[in-house]
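Each remark here refers to the structure printed beneath this line.
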Amino acid sequence: MNDSEMRRRELLRQTRKLYDEHRDVPAVHPRYGNIYHSLYENSEEESRPSGGSFYIRLVIGILCFIFFVYMDQNGTSVAEVDSTAIVDQIGADFDVEAVKEAWGEL
């Protein structure tokens, strides 16, 4: 291997290292490790999409179901709406024209 070939291999290795997306954590003094990780590892986590709203939506759905069952068992109504009215609205056909008219009036 001659000098020019060794130089090209070294330049190629440096270029691969420069543009590598899977970089290792550089050597950081233990005293400053927390600062480094809080600055650079959190930015990678923030770029990923978060699915944190699933549990909130699940809890809201469970609470709505419990409230519906409570209304149905006790025969109570809230704001002049009882469990049969809710079931009727769930089973009713969706009228697209009425929605278009309502949006048009806004």
Side-chain angles (χ1 to χ4, degrees):
M1 200 183 304
N2 57 18
D3 291 335
S4 64
E5 187 176 342
M6 287 176 44
R7 176 73 178 144
R8 281 189 299 236
R9 286 183 185 249
E10 178 62 25
L11 287 173
L12 180 61
R13 186 189 66 77
Q14 289 176 358
T15 305
R16 285 182 179 160
K17 185 177 178 182
L18 179 66
Y19 292 107
D20 186 22
E21 292 181 7
H22 305 289
R23 296 182 184 180
D24 293 331
V25 175
V28 179
H29 190 277
R31 181 183 299 164
Y32 306 111
N34 290 335
I35 296 172
Y36 177 83
H37 293 297
S38 68
L39 287 175
Y40 295 104
E41 289 184 1
N42 287 341
S43 63
E44 293 174 2
E45 293 175 1
E46 290 173 359
S47 65
R48 285 186 242 147
S50 157
S53 68
F54 172 74
Y55 293 110
I56 294 171
R57 291 182 285 144
L58 179 67
V59 168
I60 291 171
I62 290 171
L63 288 174
C64 288
F65 179 72
I66 290 171
F67 186 68
F68 172 77
V69 170
Y70 173 77
M71 285 177 60
D72 191 40
Q73 293 294 323
N74 294 333
T76 60
S77 64
V78 176
E80 299 177 5
V81 176
D82 59 350
S83 61
T84 55
I86 294 173
V87 172
D88 291 341
Q89 286 297 319
I90 291 172
D93 289 334
F94 187 72
D95 189 12
V96 177
E97 295 301 321
V99 173
K100 287 181 182 178
E101 289 177 14
W103 276 102
E105 292 175 3
L106 293 177

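In this text, all values refer to a predicted model and were calculated from it rather than measured experimentally.
In this structure, L63 and V59 have side chains that are in contact, with non-hydrogen atoms separated by less than 4.5 Å.
Taking I86 as the reference, F68, M71, V81, I90 meet the side-chain contact (heavy atoms from CB on, under 4.5 Å) condition, with sequence neighbours excluded.
Residues V78 and V87 fall within the same hydrophobic cluster, defined by Ile, Leu, Val, Met, Phe, Trp and Tyr side chains chained together at heavy-atom separations under 4.5 Å. By the rule that hydrophobic residues join a cluster once side-chain heavy atoms approach within less than 4.5 Å of another member, I62 and Y70 end up as members of separate clusters.
The structure places CG of L58 at 11.0 Å from OG of S53, a figure rounded to the nearest 0.5 Å. Atoms CZ and CG, on R7 and N2 in that order, are 13.5 Å from each other to the nearest 0.5 Å.
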task = Decide side chain to side chain contact (heavy atoms under 4.5 Å, CB included) for I56 and I60; before the verdict, give the C-alpha distance in whole Å, the side-chain angles of both, and the deciding distance to 0.1 Å.
result = CA-CA 6 Å; I56 294 171; I60 291 171; 4.0 Å; yes
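Contact check on R13 versus E10 returns a salt bridge, with a Lys/Arg side-chain nitrogen under 4.0 Å from an Asp/Glu carboxylate oxygen.
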